[in-house]
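Not measured: the values here are computed from a predicted model.
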Amino acid sequence: MSPPPQFCLPFGSTRVKQLQLQHPNDSASTATLTSMTSAATKLQFTEDTESYFQSSPAQTSPMPSRTASGGSVDKPKGLTRMLTWRRHDSTSTLVSDEPAFGKKTDEPTEILDTTSRLVALRKKMLEETIDYFIIPSEDGHLSEYVADSDKRVRYISGFTGSAATAIVSKRSAYLFVDSRYWIQAEQELDGNWTVHKTGTPEIKDWLDWAITCPRGSKIAIDSRMISHERATKLYKGLCERGSKLAHPRQNLVDLIWDDRPQRPKNPVFVQPVEFTGKDIKEKLSDVRRWIRKQNAAIGKDKGVTRHASNASQSKPGATPPKETIKRSNTSPNGASGKLSSTPPPQPPSAVPARMNNPGVKRSNSSPSAAAGPSGADKISAVFVSDLASIAYTLNLRGSDILYNPVFTAYLLIGVEGKTTLFIDKVKVPTEVRDYLHENGVSIREYSDVWTFLRAKQWGDGKVVINPDTPYAVSLIIGSSRYSVLPSYIEEIKAVKNDVEVSGMRAAYIRDGVALVRWFAWLDQKFSQGYEITEWEASEKLTNFRDDELRAPGAPKMFQGPAYENIVASGANAALPHYAPSQGGSKMISRDEPFLVDSGGQYRDGTCDTTRTGELFQRCPFRINLLTPFFSKVHFGYPTVEQAEAFTRVLQGHMAIETAVFPAGTSGSQLDVLARKALWRDGLNYLHGTGHGVGSFLNVHEGPHSFQSTTPLQPGHVITNEPGYYKDGEFGVRIESALLVREVVTKRQQDEDMWLGFERLTQAPIQLKMVRASMLTKDERQWIKDHNNNVRKTLEPYLAEDKRALKWLRRECQKGFGNEGKGSAGLSIEWD
């Protein structure tokens with residue numbers, strides 16, 4: 001997918017540093033947190049508040065809703081049986097011979113005039129005596145991708161990217177974007193806005209900029225749109241400068257957004273255990289077991305504290321026993337500006353004992369040294385606001401957010417077996433309601449969550465929230481009734497079990513078949529002289545995925561794109577988040593590198609793949625005068641600069657995929673491998689090297705990534721996507737999804753565990769872009785083996801598509817770069 005932002009996690013888990021439980025007497029939860037909690041009394045999230053809780057009819061979504069089938073799906077057939085096409089369209093095209101796709105190309109995208117909207121917003125700010133109003137791109141669950149009703153940044157600024165923060169003052173308007181969107185923001189904003197490029201020495205983050213606003217300023221933000229952790233930092237920073245953090249009762253943008261789309265109410269459906277590998281009862285039991293373990297750890301801490309005063313019985317410097325569950329230790333901001341300088345762990349002492357199970361190894365028994373706390377000190381429940389975590393835990397999926405099979409809801413899991421799902425009840429079909437009831441999950445209306453939290457209806461004890469929980473939640477609960485811990489559900493969700501791994505493998509084969517069919521279609525249409533726009537090619541790629549391989553009677557697996565297709569030619573490929581539109585895309589050039597970044601959502605997995613190349617033959621013409629069998633002659637290859645950049649990116653890609661490392665190594669410790677070859681030539685890329693991927697969930701998943709200090713574990717799926725971008729000319733990115741797995745090394749000891757990667761992506765790498773003289777012998781062999789393995793894997797599924805099979809074999813068996821060219825620079829292809 002379009003890559004993650006520089007040195008940060010775009011999927012919500014920015015905090016992987018282990019946090020201590022906050023007790024009422026802790027200094028961290030008295031002075032500052034108590035004063036912040038007082039603001040909760042001013043929050044009135046009432047059911048009839050238009051901007052927070054709207055009722056709406058169902059919204060059309062490309063991800064099909066579940067029918068009244070009880071959520072059951074036939075068990076998926078083996079891959080060897082997926083050999084039947086639903087239809088054949090070897091001659092179909094989306095180009096000019098189909099009038100449905102108008103040739104509206106190379107037209108400039110209209111820039112939105114935001115003057116009237118800013119005037120209306122500033123009027124509301126004046127009524128609230130607000131100096132600066134912050135508008136994040138996230139929703140009330142801090143989702144990276146949001147429903148149309150939550151695209152407030154797009155409404156107020158006209159910026160269409162998925163990640164940005166707008167800050168409006170009495171006289172100015174600013175948009176903060178990371179390196180993925182620097183060029184796009186400049187192109188899309190009108191003269192009312194100033195673009196601030198984050199991730200630079202001048203502006204690290206919008207939050208740091210906001211803290212430096214003039215002293216005494218009143219800065220406001222919707223408390224649902226900022227995490228507990230970041231709000232705490234913002235509050236403290238503003239207080240130190242004599243400024244104030246305010247939270248309006250209603251979102252000011254919503255108050256001026258007259259035609260705001262209604263909140264989606266699409267029905268949810270069950271994701272069967274055939275795809276998840278664990279049922280809902282087992283997952284809820286895991287969470288409750290984890291809660292009891294936290295309570296036992298609290299009891300231990302209290303026991304150590306009681307005895308610490310007896311100097312004669314205590315060892316000097318005694319500290320409470322540490323929790324045995326391993327957590328990542330990334331600070332939320334410390335890792336966002338620099339690569340980690342921590343050296344990789346050294347075997348054998350730093351390497352944990354071998355794990356027989358590829359999952360996270362945790363103890364199922366509570367510590368026996370302490371009985372645990374009681375009353376107000378105990379943890380009674382976990383509050384979950386992250387939509388992917390809710391869908392994972394309950395084995396449910398939805399279609400409220402484009403490209404993401406999630407649904408809008410909140411979840412509270414009680415330690416004693418009571419679980420409450422806050423969701424618009426109209427979205428819950430009868431069969432899903434029965435499913436939840438059978439598994440001990442009660443349903444309440446979505447808007448009831450605020451009343452529930454304010455009244456402490458979960459009973460005695462505290463609620464666990466994670467650092468990325470919306471600040472509104474912690475404000476309403478009050479600092480004495482919550483504890484902040486990293487998300488346990490995100491940890492276990494990230495480690496794929498055997499069923500999920502098998503599903504991911506099948507999904508990537510299915511997706512690879514669609515990509516090869518698409519490439520072959522493009523190649524044929526260009527050889528026939530058609531002109532194709534980026535948007536037409538993007539639409540056709542989705543069609544090929546929809547025309548999936550499956551056995552007669554087998555369930556449909558493709559559910560829609562995993563994200564907006566990036567199909568970019570020439571200079572557009574230099575925009576990491578470029579997405580073509582029907583009226584604004586350009587014709588695909590035969591003379592420039594071409595980049596495609598695309599993936600499908602399947603019931604058994606989520607895919608994310610990027611390939612770059614000179615995909616089409618330049619200047620095709622036929623020669624029939626000399627010989628009838630001389631089919632095509634073509635010339636023209638990538639420039640030296642383009643080929644060298646591609647080769648350096650490919651070398652970084654290979655270095656990551658072939659890495660072998662001891663258990664306990666984090667992605668951030670491997671990141672330099674992807675950049676080393678580029679750095680050798682003074683090149684670099686400013687986005688992250690890769691991110692976690694969900695299992696029929698969000699394409700961006702944490703807490704692991706190549707920017708995180710979370711240790712990689714067997715079962716993690718992570719993308720490998722180095723790149724290089726030359727503004728206004730071309731872009732290169734090569735991306736494959738990798739599965740972390742255990743490997744056997746030559747001299748390892750029995751107690752050691754070493755890890756490596758298994759590639760899931762099945763798509764060839766074009767050798768035409770490679771400068772073989774820059775490669776080592778091992779690197780050249782790796783590329784040949786890569787393409788040969790892709791060919792062998794996909795050939796059985798392309799037996800009925802001769803065009804695609806021919807293209808695959810040709811691409812996988814070509815020579816490197818200039819190899820095979822004639823003395824006149826011609827490359828001859830024989831039929």
### Query
With a 3.5 Å cut-off and no angle check, do the side chains of Asn404 and Tyr145 form a donor-acceptor pair?
no
### Message
Among Thr200, Leu575, Asp727, Val195, which residue satisfies the side-chain contact (heavy atoms from CB on, under 4.5 Å) criterion with Trp182?
### Response
Thr200
### Message
Quick check for you: to the nearest 0.5 Å, what is the distance between Leu650 atom CG and Thr612 atom OG1?
### Response
10.5 Å
### Glu592 bridged to Lys586 by N-O distance under 4.0 Å
yes
### Query
If you look at every heavy atom in Ala494 and Gly702, which pair is closest and at what distance?
CB-O, 3.5 Å
#### Entry: Between CD on residue Glu657 and NE2 on residue His786, distance to nearest 0.5 Å
6.0 Å
### Task
Assess the side chains of Tyr602 and Glu548: does a donor N or O sit below 3.5 Å from an acceptor N or O?
no
### Message
Can you tell me how far apart OG1 (Thr761) and CD1 (Ile509) are? Round to the nearest 0.5 Å.
### Response
11.5 Å
### Message
Within the structure provided, determine whether Asp597 and Tyr563 are in side-chain contact (heavy-atom separation under 4.5 Å).
### Response
yes
### Message
One thing to verify: whether Arg152 and Glu138 come together as a salt bridge, which I'm taking to mean a side-chain N less than 4.0 angstrom from a carboxylate O.
### Response
no
### Message
Checking Glu701 against Lys496 for the salt bridge (Lys or Arg N to Asp or Glu O under 4.0 Å) test, could you report, in this order, the C-alpha distance in whole Å, the side-chain angles of both residues, the deciding distance, and whether it holds?
### Response
CA-CA 12 Å; Glu701 181 176 84; Lys496 307 298 184 284; 2.7 Å; yes
## Note on the structure
Shortest non-hydrogen pair, Phe730 vs Pro593, comes out as CB-CG, 4.1 Å
### Query
Does Arg648 make a cation-pi contact with Tyr724, if we ask for NZ or CZ under 6.0 Å from the ring centre and within 45° of the axis?
no
### Query
What distance do Tyr508 atom OH and Leu794 atom CG have between them, rounded to the nearest 0.5 Å?
14.0 Å
### Task
For the residue pair Gln601 and Thr606, confirm or rule out a side-chain donor-acceptor distance under 3.5 Å.
yes
### Task
Would you check if Leu189 and Ser157 make a side-chain contact, meaning some heavy-atom pair closer than 4.5 Å?
yes
### Side-chain donor or acceptor of Thr198 paired with backbone N/O of Val177 under 3.5 Å
yes
### Query
Do Met504 and Leu739 come close enough that some side-chain heavy atom pair is under 4.5 Å?
no
#### Entry: Under 3.5 Å: donor-acceptor pair, side chain of Ser137, backbone of Ala164
yes
### Query
Hey, what do you get for CG (Asp681) to CE (Met774), rounding to the nearest 0.5 Å?
5.5 Å
### Query
Does any N or O in the side chain of Asp546 come within less than 3.5 Å of the main-chain N or O of Thr542, such that one atom is a donor and the other an acceptor?
no
### Task
Find out whether the Lys NZ or Arg CZ of Arg675 is both under 6.0 angstrom from the six-membered ring centre of Tyr685 and within 45° of the ring's axis.
yes
#### Entry: Minimum-distance pair of heavy atoms, taken over all atoms of Phe519 and Val596
CZ-CG1, 3.8 Å
### Query
With no hydrogens and no angle check, is any side-chain donor or acceptor of Asp190 less than 3.5 Å from a backbone partner on Thr114?
yes
### Message
If you apply the rule side chain to side chain donor-acceptor pair (under 3.5 Å), what do you find for Trp782 with Thr658, and how did you get there?
### Response
CA-CA 9 Å; Trp782 181 94; Thr658 58; 5.7 Å; no
### Query
What are the two closest heavy atoms between Thr793 and Pro796, and how far apart are they?
O-CD, 3.5 Å
### Exam field: side chain Arg611 to backbone Glu735, donor-acceptor pair closer than 3.5 Å
yes
### Task
Look at the rings of Phe176 and His196 and say which category their plane angle falls in: under 30° parallel, 30 to 60° tilted, over 60° perpendicular.
tilted
### Any residue meeting salt bridge (Lys or Arg N to Asp or Glu O under 4.0 Å) with Glu795, in chain and number order, not counting sequence neighbours
Arg791, Arg809
### Query
Between Ser585 and Glu534, is any side-chain donor less than 3.5 angstrom from a side-chain acceptor?
no
### Task
Identify the heavy atoms of Pro722 and His653 that sit nearest to each other, and give their distance.
CG-N, 3.7 Å
### Closest heavy-atom pair and its distance - Ala514, Arg545
CB-CG, 3.7 Å
### Query
Asn565 side chain to Val567 main-chain N or O, any donor-acceptor pair under 3.5 Å?
no
### Query
Does a side chain donor of either Ser736 or Asn720 reach within less than 3.5 Å of an acceptor in the other side chain?
no
### Query
Taking atom types as modelled and ignoring hydrogens, do the side chains of Tyr725 and Arg733 form a donor-acceptor contact shorter than 3.5 angstrom?
yes
### Task
May I ask you to check if Lys151 and Tyr155 form a cation-pi contact, with NZ or CZ under 6.0 angstrom from the six-membered ring centre and within 45° of the axis?
no
### Rounded distance [0.5 Å steps], CD in Glu539 versus CD1 in Ile532
13.5 Å
### Message
Looking only at side-chain N and O atoms, does Glu144 offer a donor or acceptor that is under 3.5 Å from a partner on Asn698?
### Response
no
### Task
Using distance alone, with no hydrogens and no angle criterion, decide if Glu721 and His691 have a side-chain donor and acceptor under 3.5 Å apart.
yes
